[in-house]
Amino acid sequence: MSNLISILQNAVTQAVEHLYGEQTEPGKVLVNTTPPDFTGDYSIVIFPFVKIAKKTPDAAAAEIGEYLQGKVAEIKGYNVVKGFLNLEIAESYWQVFLQALVQDQNYGRRPATGQKVMVEYSSPNTNKPLHLGHIRNILLGWSCSKILESVGYEVVKTQIVNDRGVAICKSMLSWVKFGAGKTPESEGIKSDHFVGDYYVLFEQKSKEEYETWQQTALANSIFEEKHKAGQSEKDFFKDFKNKWFNEYSTLGAEVREMLLKWEAHDPDTIGLWKKMNNWVYQGFDKTYHDLGVSFDKLYYESDTYLLGKDIVDEGLSKQVFFKKEDGSVWVDLTDAGYDQKVVLRSDGTSVYITQDLGTAQMRHKELGCERYVYVVADEQNYHFQVLFEILKRLGESYAGGLHHLSYGLVELPTGRMKTREGTVVDADDIMAEVIRIAGEQARERGEIEGISDTERAENLRKVGLGALKFFIVKVHPKKKMIFNPEESVDLQGQTGPYIQYSYVRINGLMQRIDKEHIDLSKFGEYTSIQPQEKDLLVALQEYPNVVWNAAKEYDPSLVANFCYDLAKKYHRFWHDLQVLRAESEPAKAFRLMLSKSVGQVLKNGMGLLGIEMPERM
RNA sequence: GGCUCCGUAGCUUAAUGGAUAGAGCAUCUGACUACGGAUCAGAAGGUUAGAGGUUCGAGUCCUCUCGGAGUCACCA
């Protein structure tokens, strides 16, 4: 289907060349939808051409308008206001557009590019269940994947599971010491929550140990010796906590011992690790399933944490890295505005960024993508800038295709969520809660007649999750979000259910078409398109551009806001105009086709966000 | 302190450098003997943190100031 915007852009380019003898780029011609108070459908901004034209903006606009009206069949009329050329589009164009649209199941999709892109998201630790922050990460990753797919990329959805390290050993040790042989089955607790409880318990026990230790003579003398002038005992011990855990804590020593045993492949430790990680995976699987997301390929940190040694050698031989006297290896990025960065410790072990360098190389060898998207919170912005800069300097072929999709943290009104302090909004809990609220509201509104229990539950699930997902995904990724658990997620106004409801209305009409065998063939005779209908047509026309921009910007919120806008226009249309009891057969047919198109686009658009549409609600 | 990001109505937010800054929530007023009211219409609410600058045109770009966040580990 040819795009009206590009038709207009090309026509303006021709007009400018014909009238003023200057070449311009069609892509740079600014075409906006005309604001409500002016007559017209689309407006061309004329200011960029006034220098070339050597005329006043209005004179140039009128000239170009006259030319366009004569040359472009789609343009019915024009008017000029303050340097803006407002164009009116002919009814016949909208007829053709609507007919093509209603038959095009793939509207908004682009043909395959033959290019691959990897999207990595979620990357959880296996010591606790997923929380609301993970949900944001997952939804961004999932919907970016869907958006990239729809514009023609082959997408490989990956997850790196952080399944090893100190944090994982903490929950393991805690279960060994305090678990008394209990299991998720014996306690009847979802298995990832079970493991998470032992992580929290560890932190409690550790805190108790620290508080007791602070009363000792040793602690006292350390405080006397090391505290800064004017620093209170409380502040000092807050800062000292990491050092205490590494050097004085019994629990800390036991955790480190466990980590060493794990690294030495001690069979008992590995067995314990596998058992507890499997509990966590079972729980994650359930959560991912409930969220409606999946992955194509999993990577485990236990397999990748030793990667990157080769890259250190490579960097040294390419003189991108340098070695210090103590044997540690560094990269100097000060000329790019960053700092010097360690890539290998003096004891020869690798650090976090070394792993990421190695993983990037390995994955490229395996997947061969043109682009790699990492969905990771914005607290790691600096890390990814450095990572990408190093890969660029190493001359990696894919370095230009790396992208960090950085998103703001989800915070509570009281600040950041902290597992240790129990102020975490759990992923499973919030999903259940929002579905419960959907049920509550449905009951207040009155149940649908003759609905089965299973369909009812399925609808509530779609509505509840629709509300939650839309709430998260409508906000620009870069912005931090504050989530107030006291205020339940809204189901009215600018929400998922609002959009779902417009779809349900349309669905009701579509069923009537089938049941009553309504004839749509006369839609072409409808010539008096109403403003409410025009608004919908213009919006539908925009959809492919919206998806394309969302893909370019890695920004699902563009699609979310578009869907809301389209649904809003549909509700208004519904309220103002009659469909089944329209004034004429052609009007009825036209409105039904228009409704069908809106329904399709809404369903597809929301699908890109991972939101399902109920048939009834 | 250096670097990065953010600051739009009471709250949550939208606006590829283009016309009078657009929505939702909350508040107040109205609209169904029904193509489904999880809807629609209206009222009220803004010096786009502040000051300069670039431009025909700035919420958007540049400089400075203020406020908030993140980061600057031989942690991950």
Side-chain angles (χ1 to χ4, degrees), chain A residues 27 30 32 34-38 43 45-48 50-51 56-57 81-84 86 125 162 164-167 242 246 301 305 324 326-330 337-339 341-353 355-356 377-383 385-386 406 408-409 411 415-416 438 441-442 444-446 448 463 467 471 474-476 478-482 484 487 490-502 504-509 512 545 549 552-553 557-558 561 564-565 567-568 570-572 574-582 588 591-592 595 616-617:
Chain A
L30 210 53
N32 297 327
T34 305
D37 295 348
F38 300 92
S43 299
V45 182
I46 297 299
F47 289 103
V50 297
K51 265 187 194 150
T56 64
V81 181
K82 292 196 298 185
F84 292 87
N86 303 324
N125 283 340
N162 297 310
R164 61 161 289 283
V166 173
N242 266 337
N246 289 327
E301 203 204 345
Y305 82 108
K324 285 194 179 172
D326 62 5
S328 58
V329 179
W330 293 71
Y338 309 124
D339 295 311
K341 185 95 189 165
V342 170
V343 293
L344 196 72
R345 295 191 186 103
S346 52
D347 65 5
T349 58
S350 54
V351 293
Y352 179 50
I353 201 159
Q355 276 181 54
D356 274 5
D378 63 7
E379 52 189 354
Q380 296 204 41
N381 283 353
Y382 182 74
H383 171 75
Q385 285 168 7
V386 168
S406 163
L409 292 175
E411 295 182 8
R416 287 174 72 156
Q441 299 238 348
E444 278 175 23
R445 288 166 214 285
I448 306 167
V463 172
F471 175 81
K474 75 174 181 184
V475 180
H476 192 283
K478 208 161 73 171
K479 291 202 154 192
K480 92 172 172 200
M481 282 184 58
I482 296 181
N484 190 344
E487 299 167 12
D490 281 330
L491 303 178
Q492 277 133 49
Q494 195 177 25
T495 65
Y498 175 96
I499 300 165
Q500 289 170 325
Y501 185 59
S502 61
V504 165
R505 284 179 149 174
I506 292 166
N507 189 51
L509 293 180
R512 296 280 292 270
N545 289 336
N549 284 333
K552 273 197 302 191
E553 306 286 323
S557 73
L558 292 172
N561 288 313
Y564 171 71
D565 186 56
K568 188 176 168 61
Y570 190 79
H571 280 308
R572 183 176 198 144
W574 177 282
H575 179 266
D576 291 355
L577 303 171
Q578 304 273 355
V579 179
L580 293 175
R581 292 184 306 183
K588 179 169 159 184
R591 286 174 194 163
L592 282 168
S595 297
R616 301 196 278 176
M617 61 192 279

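Proteins come first, then strands; the chains are lettered A, B, ... in the order of their sequence lines, and each starts at number 1. Quick note: numbers below take in every heavy atom, side chains included, and nothing from hydrogens, waters or symmetry partners.
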Could you pull out the protein-nucleic contacts involving nucleotides 39-42 of chain B (nitrogen or oxygen on both sides, under 3.5 Å)?
unit_1	atom_1	unit_2	atom_2	d
U39(B)	OP1	G493(A)	N	3.3
U39(B)	O2'	R505(A)	NH1	3.1
C40(B)	OP1	Y498(A)	OH	2.4
C40(B)	O2'	H575(A)	ND1	2.9
A41(B)	OP1	R572(A)	NH1	3.2

Interface polar pairs with nucleotides 11-15 of chain B, N/O, under 3.5 angstrom:
unit_1	atom_1	unit_2	atom_2	d
A14(B)	OP1	H476(A)	N	3.3
A14(B)	OP2	K479(A)	NZ	3.1

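Across A19(B), C72(B), C35(B), the shortest atom-to-atom separation from the side chain of D339(A) is found for C72(B). Distance from the side chain of L580(A) is smallest to C35(B) among G36(B), C35(B), A19(B). Among A76(B), G36(B), C25(B), the nucleotide with an atom closest to any side-chain atom of V504(A) is G36(B). Side-chain proximity of F84(A) to the nucleotides C6(B), A19(B), U71(B) is greatest for A19(B). Taking only side-chain atoms of D490(A), from C-beta outward, the nucleotide of C25(B), U20(B), U71(B) with the closest atom is C25(B). Of all nucleotides listed (C72(B), A19(B), G36(B)), A19(B) comes nearest to the side chain of V81(A). Proximity note for E379(A) (side chain, C-beta onward) versus U20(B), A23(B), G70(B): the nearest is G70(B).
Nucleotide C72(B) holds its P atom 11 Å from the CD1 atom of I353(A), rounded to whole Å. Taking atom CE of M617(A) as the reference point, atom C1' of A38(B) lies 5 Å away to the nearest angstrom. Put simply, CZ on R445(A) is 17 Å from C1' on A34(B), counting in whole angstrom units. C75(B) atom C1' lies 13 Å from atom CG of D356(A), rounded to whole Å. Distance NZ (K51(A)) to C1' (U55(B)): 9 Å, rounded to an integer number of Å. Atom-to-atom, OH of Y338(A) to C1' of G2(B) comes out at 14 Å; the value is rounded to the nearest Å. Atom-to-atom, CG of N484(A) to C1' of A26(B) comes out at 14 Å; the value is rounded to the nearest Å. The distance between atom CD1 of I46(A) and atom P of G17(B), rounded to the nearest whole Å, is 19 Å.
Annotation: the span from M481(A) atom CE to H476(A) atom NE2 amounts to 14.0 Å, rounded to 0.5 Å. Atom-to-atom distance recorded for L558(A):CG and N549(A):CG is 6.5 Å, nearest 0.5 angstrom. Rounding to the nearest 0.5 Å places OG of S557(A) at 11.5 Å from NZ of K478(A). Going from atom NE2 of H571(A) over to atom CD1 of I499(A) covers 8.5 Å, rounded to the nearest 0.5 Å. Distance check, rounded to the nearest 0.5 Å: OH of Y570(A) to OG of S595(A) gives 3.0 Å. Remark: K479(A) NZ to L409(A) CG distance equals 15.5 Å, nearest 0.5 Å.
Along RNA chain B, the nucleotide closest to N162(A) and the one closest to A442(A) are compared, and the more 5′ of them pairs with A442(A).
The side chain of R591(A) places no N or O atom within less than 4.0 Å of a non-bridging phosphate oxygen (OP1 or OP2) of C35(B). Close to G70(B), at under 4.0 Å from its OP1 or OP2, lies a side-chain N or O of R416(A). Side-chain nitrogen and oxygen atoms of K588(A) include none within less than 4.0 Å of the OP1 or OP2 phosphate oxygen of C35(B). Note on R512(A): every side-chain N or O is 4.0 Å or more away from OP1 and OP2 of C35(B).
Taking every heavy atom of both residues into account, W330(A) and V343(A) meet most closely at N-CG2, 4.2 Å.
Separation of the P atoms belonging to U8(B) and C3(B) is 24 Å when rounded to the nearest angstrom. With C1' as the reference atom, C62(B) and U71(B) are 25 Å apart, rounded to whole Å. To the nearest whole angstrom, the two P atoms, one in C11(B) and one in U48(B), are 16 Å apart. Comparing A21(B) with A58(B), their C1' atoms sit 12 Å apart, to the nearest whole Å. Rounded to whole Å, the C1' atom of A23(B) lies 15 Å from the corresponding atom of C40(B). For the C1' atoms, the distance linking U4(B) with A38(B) amounts to 42 Å, nearest Å.
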* Asked: Under a cut-off of 3.5 Å for both distances of each Watson-Crick or G-U pair, what dot-bracket string does RNA chain B give, using [ ] for crossing pairs and | for inter-strand pairs?
  -> (((((((..((((....[...)))).(((((.......))))).....(((((..]....))))))))))))....
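If you check every strand for non-hydrogen atoms under 4.0 Å, N32(A) touches a base. At the heavy-atom level, I499(A) lies nowhere under 4.0 Å from the strands shown. Heavy atoms of Q500(A) sit nowhere under 4.0 angstrom from any nucleic acid atom. As judged by a 4.0 angstrom heavy-atom cut-off over every strand, S406(A) is placed among residues making no nucleic acid contact. Contact annotation for D565(A): no contact, since no heavy-atom pair falls under 4.0 Å across all strands. The residue V351(A) sits close only to the backbone: its heavy atoms come under 4.0 Å of sugar-phosphate atoms, none of a base. Contact annotation for V463(A): base contact, defined as any heavy-atom pair under 4.0 Å involving a base atom.
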* Checking side-chain contact (heavy atoms from CB on, under 4.5 Å) for the pair Q494(A)/N561(A): CA distance, chi angles, key distance, verdict? -> CA-CA 9 Å; Q494(A) 195 177 25; N561(A) 288 313; 4.0 Å; yes
* Starting from the C-alpha separation in whole Å, work towards a yes-or-no answer on side-chain contact (heavy atoms from CB on, under 4.5 Å) for V386(A) and H383(A). => CA-CA 5 Å; V386(A) 168; H383(A) 171 75; 6.0 Å; no
* To do: Take S406(A) and N381(A) through the test side-chain hydrogen bond (donor to acceptor under 3.5 Å, both in side chains) and record every step on the way to the result.
  => CA-CA 7 Å; S406(A) 163; N381(A) 283 353; 2.8 Å; yes
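In this structure, the side chains of Y501(A) and L491(A) stay at 4.5 Å or more apart for every pair of heavy atoms. Counting only heavy atoms from C-beta outward, the side chains of I46(A) and F84(A) never approach each other to under 4.5 Å. Counting only heavy atoms from C-beta outward, the side chains of K82(A) and F38(A) never approach each other to under 4.5 Å. Residues K474(A) and Y564(A) are not in side-chain contact: their nearest non-hydrogen atoms beyond the backbone lie 4.5 Å or more apart.
Stacking between F47(A) and the base of G18(B) is present: ring centres sit under 5.5 Å apart and the planes differ by under 30 degrees. Both thresholds, 5.5 Å between centres and 30° between ring planes, are not jointly met by Y564(A) relative to the base of A23(B), so the two rings are not stacked.
Between the side chain of R345(A) and the backbone N or O of V351(A), no donor-acceptor pair lies under 3.5 Å.
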